[in-house]
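Let me begin by presenting the structure, written as structure tokens, before commenting on it.
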2 protein chains.
Amino acid sequence: MKKLGTEPYKGVRDFYPADMAVQKYIFKVWQDTVESFGYEEYGASVLEPAELYRAKSGEEIVNEQTYTFLDRGKREVTLRPEMTPTVARMVAAKRRELGLPLRWYSIPNLFRYEQPQRGRVREHWQLNVDLFGIDSIDADAEVISLAYYIMKNFGAKDEDFEIRINSRELLEKIFTDKLKDENDLSKAIRLLDRKEKMAPDEFEQAMKELTAEKIDLAFEKNEEVALLVDSLKQAGLTNVIFDATLARGFDYYTGTIFEIFDTNPANKRALFGGGRYDDLTSLFGGDRIPAVGFGMGDVTIRDFLETHKLLPDLKSTTDIHICTLDSEFITEAEKLAAKLRAEGKNVSVNLTDKKIGDQIAYADKHGIAAVIVIGEEEVKTGKFKVKDLKSGIEKLL
Amino acid sequence: MKKLGTEPYKGVRDFYPADMAVQKYIFKVWQDTVESFGYEEYGASVLEPAELYRAKSGEEIVNEQTYTFLDRGKREVTLRPEMTPTVARMVAAKRRELGLPLRWYSIPNLFRYEQPQRGRVREHWQLNVDLFGIDSIDADAEVISLAYYIMKNFGAKDEDFEIRINSRELLEKIFTDKLKDENDLSKAIRLLDRKEKMAPDEFEQAMKELTAEKIDLAFEKNEEVALLVDSLKQAGLTNVIFDATLARGFDYYTGTIFEIFDTNPANKRALFGGGRYDDLTSLFGGDRIPAVGFGMGDVTIRDFLETHKLLPDLKSTTDIHICTLDSEFITEAEKLAAKLRAEGKNVSVNLTDKKIGDQIAYADKHGIAAVIVIGEEEVKTGKFKVKDLKSGIEKLL
């Protein structure tokens, strides 16, 4: 028989326990921070009807960048490339029963069909945070504060990152006056979004093709954005700035947009961002529901934490490994383990016939902090010593 | 513009916060219990190469029951219908570096392409627990104990369920003597697996078609299974029995098999099960790695918990909602919230201009246990009262 390959599918990741521990750490900081702001978790399937993305994500995304296939009932199904259309669908479906405002979060996996390369995989996980039902900039301020506190709770200092804020409304107002054709608006916004990755000449040239003239990017400050930036500074966020050239790729933003930028000179780039999207739920009928939110990906943030040396030393979730001097002591070891588990400890028991030194080396290799060794004496006296593998200190149980 | 539908894709579920809270509760009991036995979490993508399932899951499953499609690189991709092939692939890929034995768990979502009906959805989540590298029945006993303690930690009593144990080896030994054709073995096992759902006559008839004679199902006890049942009874599991007619559908089991049965007369059925599969990793080349494990689905266990009234009253993760007598107090409310969050509390702040009664009603509707009301007096004195909404008791902060 032909041997099966052990590689995962192209562009996705296997999470062995050591990698999973990092993933769990990132998810826990996300969850603890958003829950501290009163956000509740929701979830949905990775499968969605394809039509959900055609309306607002931009055609390019659905046709060229998503996993879309026909099921056997000839339904067109997409593996979700982003969570915002899903959450808008869910809120629109039960707007009356739910009771606005809603503070919601989720950590979905998302799929993009693109060539895998460093930092760009086909599947990633993304924290999605949304506040529905509040029109005022108090909501924008809350959501941006939340993004700030996530960074702080990862151990980042204010000088490690910068929060750049702009207004899509303002951008659109200025562009609509200058564009040759009003259908070019979303092209102009995407162009602005790619600005950092282009040469200045190339950017100017592309802009000229869309507009009759060279766009002057030194916009006047918009009053509402100024108020937002001020209120965040007053709340103690020292790294907030107004950035008139900030765009964001998605079509659905209608007001405030923001991005968290890595200020490390070697790695200057947007880490994540979000904004206000007040019209998305109206695609499903009924009144519009104001909304503001952001998404934050696991790959980018892991890279940030590694670059800035902010990942903690992650131990095993197992507290104690019970080693046995002979296999005849396994029953006794299991009894002791059951007692320790009842006290809230996480305990594994040796079931091999390896030598005691190898059993201890096994615990150490797996990141288990302490061992108990069971032999004839321990069984006779009923007294057991817990040994911390790092310090070597033994304590009687 | 045509209105978009708000329904999810056929056969999958949306998890609004109230449903997500149940899901999170189930996952937490799973995680706490398996981690108490020293199991570590791993993860993988829902996308796998289709060839992974052809070898061992049975052809019927891949061809008729999975979501399988071609990607743009003409690779055949499957949305995983079960986790065991994935974990076998991962262990086989890094067997040397990992250091056996391995105690691993995961809570993946799995897809089956079938007609949705009560208790049968197209996507469900499943706890997967596996112990790799131990040949002896001590491993079988550990994994079955773990399944038992999960049920106990959900609040089930010993009389609410039964653990039925059999040996695939024993079944095969008996059948191979009696079958007309040795290729009929897996058919016979699947038939046995469906026995509870068939009329006795129908079962007998189908058995006769596979074998020359009527199979006598009163098997002799197998010595190893007897030892396993005894050791579990000695460890305090009062609801373990040997069941010679127990089968389990999958092709890859090689030794012990077991199922957890609901003993409720109105709902007699298998809740979940597992067994020993010592040959699966050898599909990837290299030596065989002994393995024993089980899978436990969210839909079935939720149904069990509801039937037996074991679901706890799940509150919001938010501890306090801060209400404001006027929108001018929002800044003050946010300052107080920031302080309370720093002390580990989960706090949301009212950002609406609703009346105070409506703000309190909002907190109550969302399951938030307590409120603080901020008005002129509170701002002046700097003293705030926390009111418990259930008891009505107020405490000064």
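Chain A is the first sequence line, chain B the second, and so forth, proteins listed ahead of strands; every chain is numbered from 1.
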Tell me, for [X] versus chain A, whether the close heavy atoms (under 4.5 Å) come from the side chain, the backbone, both or neither.
X	value
B:V77	side chain
B:L47	both
B:K365	side chain
B:D71	both
B:Q31	side chain

Contact check, side chains of [X] and [Y], non-hydrogen atoms, under 4.5 Å:
X	Y	value
A:P8	B:R89	yes
A:I330	B:E142	no
B:F111	A:V46	yes
A:L283	B:K3	no

For A:V34, is it the side chain, the backbone, both or neither that has a heavy atom under 4.5 Å from a heavy atom of chain B?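 Nothing of A:V34, per the 4.5 Å heavy-atom cut-off to chain B.
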Which answer fits A:R72, side chain, backbone, both or neither, if we ask what part of it has an atom under 4.5 Å from a heavy atom of chain B?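 Its backbone and side chain both get close to chain B.
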Non-hydrogen atoms of B:R103 and A:V349 that approach each other most closely: NH2-O, 2.7 Å
Is it possible for you to check whether A:K94 lies under 6.0 Å from the centre of the six-membered ring of B:Y16, through NZ or CZ, and within 45° of that ring's axis?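 Yes - A:K94 lies over the ring of B:Y16, closer than 6.0 Å to its centre and within 45° of its axis.
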Aromatic B:F37 / basic A:R341 pairing, under 6.0 angstrom, 45° off normal: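 Pair A:R341/B:F37 counts as cation-pi.
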Please answer whether the main-chain N or O of A:P101 pairs with a side-chain N or O of B:Y362 as donor and acceptor at a distance below 3.5 Å. yes
